[in-house]
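What follows is a short report on a single structure.
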Amino acid sequence: MKQSLVPLPSAALLGFFRGALDSALVERGAAQGLELLGRPEEFWARLAPLELRRMAAGGNAGAQAELAWRHVNGDREQKDAAAAVRWALQSAESDCPSGLAVLAWLLHHGCGLPRDDAEALRLFTRAAASEVVLALYWLGRMHYFGIGVGATPDFARAGHWLRHAAGHGHAASRDLLARCHFFGRGVAQNREEALRLWRAAAADGIASASFCLGMCLYVGEGIAADPAAAVVHFRAAAEQGVAGAMFLLGQAACFGIGAARNPDAALEWYGRAAQRGSRDAEFELGECHAYGIAAAGRDLGAALHWWRAAAQHGHVRAHLKIAHAYRWGDGIAEDKATALTWYRAAADLGDAAAWVWLGECHERGEGTAVDPAAARRAYRQAAACGDAHGMAEHGRCLLLGIGGEIEADRGEALLLAAMQAGWPQARGELVRYWYVRGRELLESATVATDPALAVAVSCLRRAAARGHRRAAFMLAECLRHGTGVAADAAAAVDWYRRAATLPDAKLILGDLLYFGQGVARRPAEAFHWYQQAALQHEDAYAMYSCGYCLLHGEGVERDAQRGVYWLRRSALQDEAGACFELGLAYQRGAGVRRSSRQAAKWLRSAAGLGHAEARAMLLQLEGAA
């Protein structure tokens, strides 16, 4: 478990919001109170049961419709589907609009009658002509969800009927109409209007409206983000059984968003949401147990239990978590073949990252035989889905000929696309390729006129431009010596500077700038690079050069004692120039006490290392003696 537990980002929350509204998770809670759907006639609603039954038995169609509705709801009458059907049929036979609406509701819900959405739609339409609110709402609802109206929703007609019902003050209609405005379904997108409608519906106790209002405040959609206010609305929705609200209360408690951080409360809210079928809550319960965020501590067994539950409900990332657990033996015996099965299942559900993991398994032979071609196909699938990691891996395969022919141009293009898509590792892969390709071309060239040298320089330049220091050094060398490119000392110095973490680059920079080889002489900068190489790498030549500059005041204020210090350290590593300069220092008494014996010792050392001037000086001294 290498990655840390993080809250859902805003984009994922909006996806969750859309999914929750289009699933049963919100409706399941909202539908617990059927009285929220409205009553055919407020007059009948106020009648006492005995009076209502007397009027219904006397043939009053309005009373029959109300009595049927009371039997549906169990409101002052026993909940009785058969009785509801009997009274609704009698009312509908009199062509009573309210009776038609109740009978349509019974048909749509299969309550006491076989479900028949087409007939329900016909009866709702007849009742809606008389502005029966129940009919207006359910007509809008059926068109919104595409029930009984064909294969797809008809949002435009849904908006028409819902506006009529909302105009009568029907709270649930305002909630559904707000969704149309929020998502731009059948109407122009208008999130301010959606918020106005949700506020009104929430004030009337519509649970799903409270949830939606909370979501907008939580992520700052159409209104300034206010997580604390969002939590208030989530609680109102959760109290009425909305699983999505319970899940988000879990997020709020888990990460301290809009409320004090309380991991144990988070587990409780996730648990309540999971009991109502929230696969997101099941997944997060797995995450909480995997990372041990609550008092109970880390429990990979419990994590796997919840991930399995989420996977059974179609949660894609849960499949990946289970696959990872089997692959690496986290909380369960390692079983790479089973891991492969879970990765495939996640891939089949459309998860792009699963294709990358499948590719890795095929490439490395984990849970299956090594199969580079299968790996390449899997990476291609991930890349086709726009997965940045998948693009990088597929690009690598194309670049290096893994699992098929080399397609360098396409490989480079994919790796560049992966970089732009936010996968930084693609940069390293591409840079390494350019560097290796450039180096191989340089090494394989046999003559200075080989055209491959120009290609090598181009490859090294690409790698160097993206920060590969060894490539920058080799490019500088090519520019310095005119290999595969026109010699350009000034450009070479620039690339050596980019490669200056390498000791060789520091030394060459120092010499080019000290001696003015193809560039203006800059002793001060030369001393800087010599000193860096001496301090960081303890290079003998760098220490000699530092000592020489200090001894003679070249690019730095003269300091003979410090110069002798560096010369001695270099000389002890058998640097001939340092031995010679140290001998001269003893002969002249520069930075040390004069000593003919020490001078002769170091001059002999320099001569023994092949220093021509030291040999000549020794011969001169011996002749004088």
Side-chain angles (χ1 to χ4, degrees), residues 27 30-149 157-158 160-173 176 204 206:
E27 302 306 324
Q32 296 304 308
L34 292 176
E35 69 276 5
L36 297 178
L37 302 181
R39 298 180 181 279
E41 298 287 351
E42 288 300 320
F43 168 77
W44 299 113
R46 290 193 293 270
L47 281 179
L50 185 62
E51 180 65 13
L52 184 67
R53 284 195 295 273
R54 185 186 65 75
M55 292 179 70
N60 188 299
Q64 291 166 344
E66 172 64 16
L67 188 55
W69 190 242
R70 290 191 187 184
H71 279 297
V72 167
N73 286 290
D75 176 16
R76 289 170 286 174
E77 296 288 348
Q78 184 177 358
K79 207 168 190 176
D80 186 338
V85 169
R86 185 173 68 254
W87 289 115
L89 282 169
Q90 289 185 44
S91 178
E93 284 171 359
S94 300
D95 214 25
C96 172
S98 296
L100 292 170
V102 176
L103 182 59
W105 191 96
L106 293 168
L107 284 164
H108 173 55
H109 288 83
C111 181
L113 291 168
R115 180 167 178 167
D116 188 339
D117 289 323
E119 179 62 11
L121 193 72
R122 188 185 70 81
L123 292 175
F124 276 138
T125 303
R126 286 180 60 192
S130 298
E131 294 289 308
V132 176
V133 175
L134 182 68
L136 293 170
Y137 169 70
W138 280 97
L139 268 178
R141 186 180 177 85
M142 291 177 77
H143 281 95
Y144 185 93
F145 289 105
I147 301 170
V149 296
R157 290 185 64 79
H160 167 79
W161 294 116
L162 291 170
R163 274 192 297 275
H164 274 271
H168 288 282
H170 192 258
S173 296
L176 208 51
D204 285 337
I206 300 300

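Any value given below was found using the heavy atoms of this structure, including those in side chains, with hydrogens, waters and symmetry copies removed.
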Exercise. Are Trp161 and Tyr144 close enough that some pair of their side-chain heavy atoms sits under 4.5 Å apart?
Worked result: no
Exercise. Looking at CD1 of Ile147 and CG of Leu139, how far apart are the two atoms once the value is rounded to the nearest 0.5 Å?
Worked result: 12.0 Å
Can I get a per-line list of side-chain donor-acceptor pairs under 3.5 Å for residues 87-94, giving both atom names and the distance, sequence neighbours left out?
residue, atom, partner, partner atom, Å
Gln90, OE1, Gln64, NE2, 3.4
Ser91, OG, Ala61, O, 2.8

For this session: For residues Val132 and Ala101, report the shortest heavy-atom separation together with the two atoms involved.
Result: CG1-CB, 3.8 Å
Exercise. Residues two or more places apart in sequence or in another chain: which of them pass ring-ring contact (aromatic ring centres under 6.0 Å, His included) with His168?
Worked result: none
Considering only distance and modelled atom types, tabulate donor-acceptor pairs under 3.5 Å from the side chains of residues 115-130, sequence neighbours left out.
residue, atom, partner, partner atom, Å
Arg115, NE, His108, O, 3.0
Arg115, NE, Asp117, OD1, 3.1
Arg115, NE, Asp117, OD2, 3.1
Arg115, NH2, Asp117, OD1, 3.4
Arg115, NH2, Asp117, OD2, 3.2
Asp116, OD1, Ala118, N, 3.4
Asp116, OD1, Glu119, N, 3.1
Asp117, OD1, His108, ND1, 2.7
Glu119, OE1, Arg122, NE, 3.0
Glu119, OE2, Arg122, NE, 3.4
Glu119, OE2, Arg122, NH2, 2.6
Thr125, OG1, Leu121, O, 2.7
Arg126, NH2, Asp95, OD1, 2.0

Seminar exercise, completed: Shortest non-hydrogen pair, Arg76 vs Arg70, comes out as NH2-NH2, 3.3 Å
For this session: Considering non-hydrogen atoms only, spot the tightest contact between Gly140 and Leu162 and give its length.
Result: CA-CG, 3.9 Å
Exercise. So how far is it from Leu113 CG to Trp105 CH2, rounded to the nearest 0.5 Å?
Worked result: 11.5 Å
For this session: Measure the shortest side-chain to side-chain distance between Leu47 and Glu66 over non-hydrogen atoms and say whether it is less than 4.5 angstrom.
Result: no
Exercise. How far apart are the closest heavy atoms of Tyr137 and Ser173, and which atoms are they?
Worked result: CD1-OG, 3.1 Å
Exercise. Where do Leu136 and Ala165 come nearest, in terms of heavy atoms and distance?
Worked result: CB-CB, 3.7 Å
Exercise. Looking at Val102 and Ala68, what are the two nearest heavy atoms and their distance?
Worked result: CG1-CB, 3.9 Å
Seminar exercise, completed: Only one of His143, His109, His164, His170 passes ring-ring contact (aromatic ring centres under 6.0 Å, His included) with Trp138, and that residue is His109
For this session: Report the distance from atom CG of Leu107 to atom CG of Leu100, rounding to the nearest 0.5 Å.
Result: 10.5 Å
